[in-house]
Amino acid sequence: MAETRLQALVEAGLDHIQISFQDSREAAANWIAGTKAHAHKIDLSRIICRHKIAFTVNLVIHRQNIDHLEEMISFIEQLAPERMENCPHAILWMGIAQSRRPAAYAGTT
């Protein structure tokens with residue numbers, strides 16, 4: 001996203017942006033995401049910080065990155081978001097699967 005586009009969105013009333021990072025390491029993040037978006041997200045994070053807008057980073061935690069969780073937290077801190085959330089991948093998908101189950105199966109495993 002270009003800075004001029006973000007500025008136009010802020011002027012139109014946008015007051016919060018949330019970006020998810022799948023890993024702190026670019027190759028792994030791109031592989032997990034299935035697209036080469038990691039560098040773009042870092043650039044966008046820097047642009048966001050130049051505007052008066054709430055900024056949250058979501059850190060997706062899963063078996064491919066849990067071994068370097070401290071590194072990922074340090075990476076996110078360098079982006080200077082106002083807030084960081086973590087999203088354990090297994091819990092996220094389990095919740096989605098549960099929400100899509102027919103009502104007859106609600107509460108069963």
Exercise for review: Evaluate the side chain to side chain contact (heavy atoms under 4.5 Å, CB included) criterion for residues V60 and F21: first the C-alpha distance (whole Å), next the side-chain angles of each, then the deciding distance (0.1 Å), finally the verdict.
Suggested key: CA-CA 6 Å; V60 181; F21 282 89; over 6 Å; no
[atom1]/[X] to [atom2]/[Y] distance, rounded to the nearest 0.5 angstrom?
| X | Y | atom1 | atom2 | answer |
| --- | --- | --- | --- | --- |
| Q7 | I47 | CD | CD1 | 11.5 Å |
| S24 | I73 | OG | CD1 | 10.0 Å |
| N65 | H62 | CG | NE2 | 4.0 Å |
| L79 | S74 | CG | OG | 11.0 Å |
| Q22 | N58 | CD | CG | 8.5 Å |

Point to revise | Non-hydrogen side-chain atoms of V10 and D15 separated by less than 4.5 Å | key: no
Practice item. Would you mind reporting whether E71 and R25 have side-chain heavy atoms less than 4.5 Å apart? Key: yes
Point to revise | Sequence-distant partners of S45, side-chain hydrogen bond (donor to acceptor under 3.5 Å, both in side chains), two or more places apart | key: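 Here no residue qualifies.
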Review point. Does a side chain donor of either D23 or H68 reach within less than 3.5 Å of an acceptor in the other side chain?
Key: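 H68 and D23 do have a side-chain donor-acceptor pair below 3.5 Å.
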Check your understanding: Is a side-chain donor or acceptor of N30 paired with a backbone partner of A27 at a separation under 3.5 angstrom?
Key -> no
Review point. Taking the side chain from H51 and the backbone from I53, do they hold a donor-acceptor pair closer than 3.5 Å?
Key: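 Answer holds: no.
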Please name all residues satisfying side-chain contact (heavy atoms from CB on, under 4.5 Å) with [X], sequence neighbours left out, ordered by chain then number.
| X | result |
| --- | --- |
| A8 | none |
| L44 | M1, I19, I48 |
| T4 | A2 |

Review point. Should Q18 and E85 be marked as a side chain to side chain contact (heavy atoms under 4.5 Å, CB included) after you check the CA-CA gap, both sets of side-chain angles, and the distance that decides it?
Key: CA-CA 10 Å; Q18 180 169 336; E85 297 178 352; 3.5 Å; yes
Practice item. Please identify each residue that fulfils salt bridge (charged side-chain N to carboxylate O under 4.0 Å, His left out) with E26, with sequence neighbours left out. Key: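 If we apply the salt bridge (charged side-chain N to carboxylate O under 4.0 Å, His left out) test to E26, skipping adjacent residues, there are no hits.
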Exercise for review: Among residues two or more places apart or on two chains, list those pairs meeting salt bridge (Lys or Arg N to Asp or Glu O under 4.0 Å) that have a residue in residues 31-57.
Suggested key: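 Every pair satisfying salt bridge (Lys or Arg N to Asp or Glu O under 4.0 Å) with a residue in residues 31-57: E3-R50, D43-R46.
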**Study point:** Test side chain to side chain contact (heavy atoms under 4.5 Å, CB included) applied to F75 and I42, step by step
**Key:** CA-CA 10 Å; F75 165 74; I42 293 171; 3.8 Å; yes
Check your understanding: Does the side chain to side chain contact (heavy atoms under 4.5 Å, CB included) test come out yes or no for M72 and L69, once each step is laid out?
Key -> CA-CA 5 Å; M72 292 192 310; L69 185 57; 3.7 Å; yes
Check your understanding: Which heavy-atom pair separates Q64 from W31 by the least distance, and what is that distance?
Key -> CG-CZ3, 3.9 Å
